[in-house]
**Q** 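Quick one: this structure, given as structure tokens, is what I'll be asking you about.
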Protein chains: 2
Amino acid sequence: MNEAVALQFPVNIGDASAATGVSAKMIRHYEEIGLIPPANRTQAGYRVYSEADVHMLRFIRRARNLGFSVKQIEGLLGLWRDRRRASSKVKALAQEHIAELDARIREMTEMRHTLEHLASRCHGDDRPDCPILEDLSSGGPADIAQARGTNRRGRHS
Amino acid sequence: MNEAVALQFPVNIGDASAATGVSAKMIRHYEEIGLIPPANRTQAGYRVYSEADVHMLRFIRRARNLGFSVKQIEGLLGLWRDRRRASSKVKALAQEHIAELDARIREMTEMRHTLEHLASRCHGDDRPDCPILEDLSSGGPADIAQARGTNRRGRHS
DNA sequence: CTTGACTTTCCAACCATGGGAAGGTTGAGG
DNA sequence: CCTCAACCTTCCCATGGTTGGAAAGTCAAG
């Protein structure tokens with residue numbers, strides 16, 4: 001149905017956006033922060049995008065969908081454009097990102113775990129007592145080291 | 001060693017921070033956004049915190065450690081203070097948050113999966129060919145519906 | 001009094017994104 | 001030719017949670 005009527009290049013930002021799934025706002029933003037080079041302009045000042053530009057935007061969206069940061073995408077784009085790149089560099093970037101994902105997943109899984117545990121012991125009825133609040137209220141296992149009893153200039157003598 | 005010299009209340013923001021693990025910056029921020037009531041002040045304008053205040057700040061930090069948003073903590077604090085609360089409300093809040101965690105974990109796990117798959121097929125040597133870039137460059141399975149062939153006002157006639 | 005560790009407020013940045021205002025451009029249809 | 005809607009432009013603001021710094025005031029110890 002949406003047979004995609006094959007847009008003819010170059011296109012305006014709206015078409016570029018629709019063709020790539022990157023919002024016009026974000027396309028401008030990426031240009032502003034230098035992730036993509038400044039677009040060509042019509043005499044009226046409208047940005048115009050070539051097929052290659054659209055290709056690049058799609059690349060960016062896909063990388064974002066995989067959770068790469070803009071910083072990382074900058075690197076990926078550089079490698080993408082460099083036909084003499086070493087695939088090891090790409091792989092390293094990917095693995096760096098995988099490690100980040102792992103860290104975040106681990107962190108959140110731990111939270112989920114603790115929370116699940118607490119919730120499972122909460123009656124969940126109209127009585128007020130609740131292990132969740134009790135834990136938050138006073139020191140579950142996860143507490144942070146205490147320091148500084150009173151300021152060095154404390155009034156202790 | 002850090003036998004915590006038992007600070008005497010009320011305390012300054014620095015001591016409150018050290019005693020709770022919430023940075024002074026964030027304590028002021030929480031006050032500003034109304035998560036906590038405005039602290040009492042000395043004549044000089046220094047914020048002072050009672051033992052109860054410190055308790056509340058610890059509560060907040062623990063909730064944050066579990067990944068609750070400030071919005072959610074607002075709710076938790078309300079329930080915490082309400083001795084006639086129904087534990088069901090607390091549980092509901094917790095489960096709402098668990099669901100959010102689940103969603104994010106699922107999302108990131110999926111990313112990790114895809115990425116891992118691609119990375120495993122990348123030689124990672126000095127040759128340039130790399131399935132990671134190839135996938136980003138042209139349509140892995142995750143692509144977004146295309147719309148709008150050309151603007152409605154397109155030059156098609 | 002000086003020193004330095006504290007405190008205050010204010011302003012800005014991060015990251016990625018969205019919202020909206022005010023104004024210019026385009027092209028189709030009347 | 002004029003009007004109207006749908007585009008486009010730039011600009012500023014907001015989100016969420018946190019950190020950073022600057023400029024200035026306070027406080028206690030030496």
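Throughout, a chain's letter reflects where its sequence line sits, starting with A, and its residues are numbered from 1. Atoms considered below: every heavy atom in the structure, side chains included; atoms not considered: hydrogens, waters and symmetry mates.
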**Q** Specify the separation, in whole Å, of atom CZ of A/Arg28 and atom P of C/dG20.
**A** 15 Å

**Q** Could you walk me through whether A/Glu107 and A/Arg104 pass the salt bridge (charged side-chain N to carboxylate O under 4.0 Å, His left out) test, one step at a time?
**A** CA-CA 5 Å; A/Glu107 204 179 334; A/Arg104 286 197 280 157; over 6 Å; no

**Q** Rounded to whole Å, please give me the gap between CZ in A/Arg41 and P in C/dG24.
**A**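 Between P of C/dG24 and CZ of A/Arg41: 16 Å.
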
**Q** What's the verdict on salt bridge (charged side-chain N to carboxylate O under 4.0 Å, His left out) for B/Glu31 and B/Arg28, showing C-alpha distance, side-chain angles and the deciding distance?
**A** CA-CA 5 Å; B/Glu31 178 180 322; B/Arg28 296 192 195 98; over 6 Å; no

**Q** Let's see if you can work this out: which of D/dC8, C/dG18, D/dG17 has an atom nearest to the side-chain heavy atoms of B/His29?
**A**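 In terms of side-chain proximity for B/His29, the closest of D/dC8, C/dG18, D/dG17 is D/dG17.
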
**Q** May I ask you to verify if any side-chain N or O of A/Arg61 is less than 4.0 angstrom from the OP1 or OP2 atom of C/dA16?
**A** no

**Q** Heavy atoms under 4.0 Å, any strand shown: does A/Arg64 hit a base, just sugar-phosphate, or nothing?
**A**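 Touches sugar-phosphate only.
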
**Q** For a quick test of reading the model: is some side-chain N or O of A/Tyr30 closer than 4.0 Å to OP1 or OP2 of C/dT17?
**A**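 Result: yes.
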
**Q** On DNA chain C, compare the nucleotides closest to B/Ala44 and A/Ser69; which residue's is nearer the 5' end?
**A**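 It is B/Ala44 whose nearest nucleotide is closer to the 5' end.
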
**Q** Do B/Pro128 and A/Arg84 have side chains that get closer than 4.5 Å, going by heavy atoms?
**A** no

**Q** On the nucleotide D/dT19, are OP1 or OP2 found under 4.0 Å from the side-chain N or O atoms that B/Ser23 carries?
**A** yes

**Q** Could you state the interatomic distance from CE (B/Met56) to CD1 (B/Ile27), rounded to the nearest 0.5 Å?
**A**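 Output value for this atom pair is 9.5 Å.
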
**Q** Verify the contact: side-chain N or O of A/Arg47 to OP1 or OP2 of C/dT25, cut-off strictly under 4.0 Å; return yes or no.
**A**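 Checking A/Arg47 against C/dT25: no side-chain N or O falls below 4.0 Å of OP1 or OP2.
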
**Q** Could you tell me the separation between the CZ atom of B/Phe68 and the P atom of D/dG16, rounded to a whole number of Å?
**A**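 Answer to the nearest Å: 17 Å.
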
**Q** The side chain of B/Ile13 is closest to which nucleotide in this list: C/dT9, C/dT7, D/dT18?
**A** C/dT7

**Q** B/Asn40 has an atom CG; how far is it from atom P of C/dT7, in whole Å?
**A**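 Atom CG in B/Asn40 sits about 16 Å away from atom P in C/dT7.
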
**Q** Heavy-atom nearest nucleotide on DNA chain D for B/Thr42 versus B/Lys71: which residue maps closer to 5'?
**A** B/Lys71

**Q** Does B/Tyr46 make a side-chain donor-acceptor contact with the base of D/dT26, cut-off 3.5 Å?
**A**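 Side chain to base: pair present.
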
**Q** Does the base of C/dG20 carry an N or O that pairs as donor and acceptor with the side chain of A/Lys25 under 3.5 Å?
**A** yes

